There are 2 protein chains.
Amino acid sequence: MIDDISLNILKILQQKARIPNVEVARQVGMAPSAVLERIRKLEKMGYIDGYEVRLNPERFGKSQVAFIQVHTSGKTEGQGLVKTLSGLPQVQEIHYVAGKDSYLLKVRETDTQALGRLIRERIAPIKGVTGTTTTIVMNTFKETARIPIDDQDLIR
Amino acid sequence: MIDDISLNILKILQQKARIPNVEVARQVGMAPSAVLERIRKLEKMGYIDGYEVRLNPERFGKSQVAFIQVHTSGKTEGQGLVKTLSGLPQVQEIHYVAGKDSYLLKVRETDTQALGRLIRERIAPIKGVTGTTTTIVMNTFKETARIPIDDQDLIR
DNA sequence: AATGAAAAAAACTGGCT
DNA sequence: AGCCAGTTTTTTTCATT
């Protein structure tokens with residue numbers, strides 16, 4: 001259901017989304033209409049989830065990244081907990097991790113002060129939270145959502 | 001340099017990149033040409049970093065997410081270390097974190113087995129790496145690169 | 001599925017306010 | 001900066017192979 005041509009199209013798009021279809025068509029050596037049809041199909045079949053703008057966090061005063069391990073009482077408070085956390089725009093990621101009933105959050109805030117406030121006022125008070133461990137990011141060298149698709153292990 | 005209208009445009013784009021300009025124009029109540037000019041300016045001034053496709057990792061057999069804390073000897077091996085790590089497509093993020101000379105990586109692999117191989121064969125052998133601590137993600141509830149821009153603390 | 005031609009929509013340009 | 005009107009480019013549709 002997904003062949004080398006489609007794979008190639010996705011690679012091109014992952015390199016630079018928002019290049020015109022005609023250009024993609026030129027690069028894969030097909031007619032624009034054919035490429036369009038393939039992309040539509042890839043979207044419909046769920047290979048493509050969507051398109052995102054990447055804003056520059058610095059410019060918006062959201063330079064401070066931190067990872068917060070949220071420890072919970074484990075008594076299936078998960079539902080409301082996740083929902084509440086999801087509602088916080090500063091929380092970019094929520095992962096349930098192996099170990100001892102805890103979630104790992106990636107958050108973005110203005111500075112460490114705002115971060116502290118976020119944790120104290122928004123996260124710590126959530127029902128089921130027994131504590132947090134914060135890891136402050138001092139420098140980010142790579143940050144992308146690209147996934148490796150050179151591979152043979154895709155679900156066709 | 002950035003006003004409420006531009007802010008609004010960015011909000012709309014963050015909601016759904018790849019909607020036509022005319023539609024954005026309609027939503028902010030301006031002429032398409034004016035909106036276009038604003039977007040171009042936002043790009044040029046570095047508020048917009050770029051546009052990305054979001055591929056569905058499941059479909060590409062990259063469902064396993066893990067965070068790897070890489071401990072280093074700290075003797076400024078940083079340069080080569082970061083460069084080597086950056087070259088690994090499975091490594092989506094590289095952060096230098098506060099604490100005891102360590103980097104935090106976000107990686108995506110096929111399964112825990114492939115993850116183990118990645119760590120043993122690609123990460124552990126890097127010069128300056130003294131050890132790794134891996135946190136396996138069992139479930140991801142939120143994962144976005146969106147940043148909060150409702151705010152007053154943006155660099156104008 | 002792919003193509004090519006035609007139609008529709010969108011992006012862009014420039015002159016003017 | 002924004003708008004409008006004209007131009008170019010891109011996207012989309014569709015009949016055909």
Side-chain angles (χ1 to χ4, degrees), chain A residues 1-56 58-61 145-146 149-156, chain B residues 1-56 58-61 145-146 149-156:
Chain A
M1 227 79 179
I2 187 169
D3 59 5
D4 290 340
I5 299 173
S6 288
L7 222 55
N8 201 217
I9 290 172
L10 291 175
K11 274 186 209 172
I12 292 167
L13 287 179
Q14 238 190 175
Q15 222 58 25
K16 197 172 190 299
R18 263 233 166 170
I19 71 171
N21 229 306
V22 242
E23 177 60 17
V24 180
R26 204 188 53 72
Q27 286 189 41
V28 299
M30 278 205 302
S33 52
V35 173
L36 183 71
E37 198 186 345
R38 274 172 179 271
I39 293 177
R40 289 285 170 272
K41 231 172 253 178
L42 288 166
E43 286 167 353
K44 196 164 304 183
M45 292 172 66
Y47 288 96
I48 295 174
D49 268 348
Y51 304 85
E52 277 194 349
V53 213
R54 271 276 184 180
L55 301 187
N56 185 341
E58 321 283 321
R59 292 308 207 109
F60 296 89
R146 274 184 209 172
I149 55 172
D150 13 70
D151 294 343
Q152 44 284 93
D153 46 19
L154 77 167
I155 318 302
R156 293 172 195 263
Chain B
M1 227 83 179
I2 188 169
D3 59 5
D4 290 341
I5 299 172
S6 288
L7 222 56
N8 201 219
I9 291 173
L10 290 175
K11 273 187 209 171
I12 292 167
L13 287 180
Q14 243 193 169
Q15 223 57 25
K16 196 172 189 297
R18 264 229 168 175
I19 72 169
N21 227 305
V22 237
E23 176 59 17
V24 180
R26 203 188 52 72
Q27 287 190 41
V28 299
M30 277 205 303
S33 54
V35 173
L36 185 69
E37 198 185 345
R38 273 172 180 272
I39 293 178
R40 289 287 168 269
K41 233 173 249 175
L42 289 167
E43 287 167 352
K44 196 163 304 184
M45 292 172 65
Y47 288 96
I48 295 175
D49 268 348
Y51 304 86
E52 277 194 350
V53 214
R54 271 278 182 179
L55 301 187
N56 185 340
E58 321 282 321
R59 291 309 206 110
F60 295 90
R146 272 183 211 174
I149 54 173
D150 12 67
D151 296 341
Q152 45 283 95
D153 46 19
L154 77 166
I155 320 300
R156 293 175 196 261

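The basis for the numbers below is simple: all heavy atoms, side chains too, and nothing from hydrogens, waters or symmetry mates. Residue numbers begin at 1 in each chain, while the letters A, B, ... track the order of the sequences. Just so we're clear, the structure is a prediction, and the values are computed from it rather than from any experiment.
Side chain of Asn56(A) to backbone of Gly46(B): a donor-acceptor contact under 3.5 angstrom is found.
Nucleotide dT3(C) holds its P atom 9 Å from the CZ atom of Arg38(A), rounded to whole Å. Nucleotide dA15(D) holds its P atom 14 Å from the CD atom of Glu37(A), rounded to whole Å. In this structure, CD1 of Ile9(B) is placed 8 Å from P of dG2(D), rounded to the nearest angstrom. The nearest whole Å value for the distance from the CG atom in Asp4(A) to the P atom in dA2(C) is 13 Å. Between the CE atom of Met30(A) and the P atom of dT11(D) there is a distance of 14 Å, given to the nearest Å. For Glu23(A) and dT10(D), the CD to P distance is 9 Å, given to the nearest whole Å. Going from atom CD1 of Ile19(A) over to atom P of dT9(D) covers 17 Å, rounded to whole Å. Rounded to whole Å, atom C1' of dA2(C) lies 10 Å from atom CD1 of Ile5(A).
Between Arg26(B) and Glu23(B), at least one side-chain nitrogen of the basic residue sits less than 4.0 Å from a carboxylate oxygen of the acidic one, meeting the salt-bridge criterion. Taking 4.0 Å as the cut-off between side-chain N and carboxylate O, Arg40(B) and Glu37(B) do not count as a salt-bridged pair. Contact check on Arg38(A) versus Asp3(A) returns a salt bridge, with a Lys/Arg side-chain nitrogen under 4.0 Å from an Asp/Glu carboxylate oxygen.
Here Ala34(B) lies in heavy-atom contact (under 4.0 Å) with sugar-phosphate atoms only.
Proximity note for Arg40(A) (side chain, C-beta onward) versus dA1(D), dA11(C), dT12(D): the nearest is dT12(D). The nucleotide whose nearest atom lies closest to any side-chain atom of Ser33(B) is, among dG4(C), dG2(D), dC3(D), dC3(D). Relative to the side chain of Leu36(B), the nucleotides dC3(D), dT3(C), dA11(C) differ in distance, and dA11(C) lies closest. Distance from the side chain of Ala31(B) is smallest to dC3(D) among dC3(D), dA1(C), dT3(C).
Remark on DNA chain C: of its neighbouring residues Val35(A) and Arg18(A), the 5'-side contact belongs to Val35(A), judged by nearest-heavy-atom nucleotide.
Residues Leu10(B) and Val53(A) are not in side-chain contact: their nearest non-hydrogen atoms beyond the backbone lie 4.5 Å or more apart. The shortest distance between side-chain heavy atoms of Asp49(B) and Leu55(A) does not fall below 4.5 Å.
Interatomic distance, CD1 of Ile2(A) versus CZ of Arg59(B), reported as 8.5 Å (0.5 Å rounding).
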Hey, what are the protein-to-nucleotides 7-10 of chain C N/O distances that come in under 3.5 Å?
none

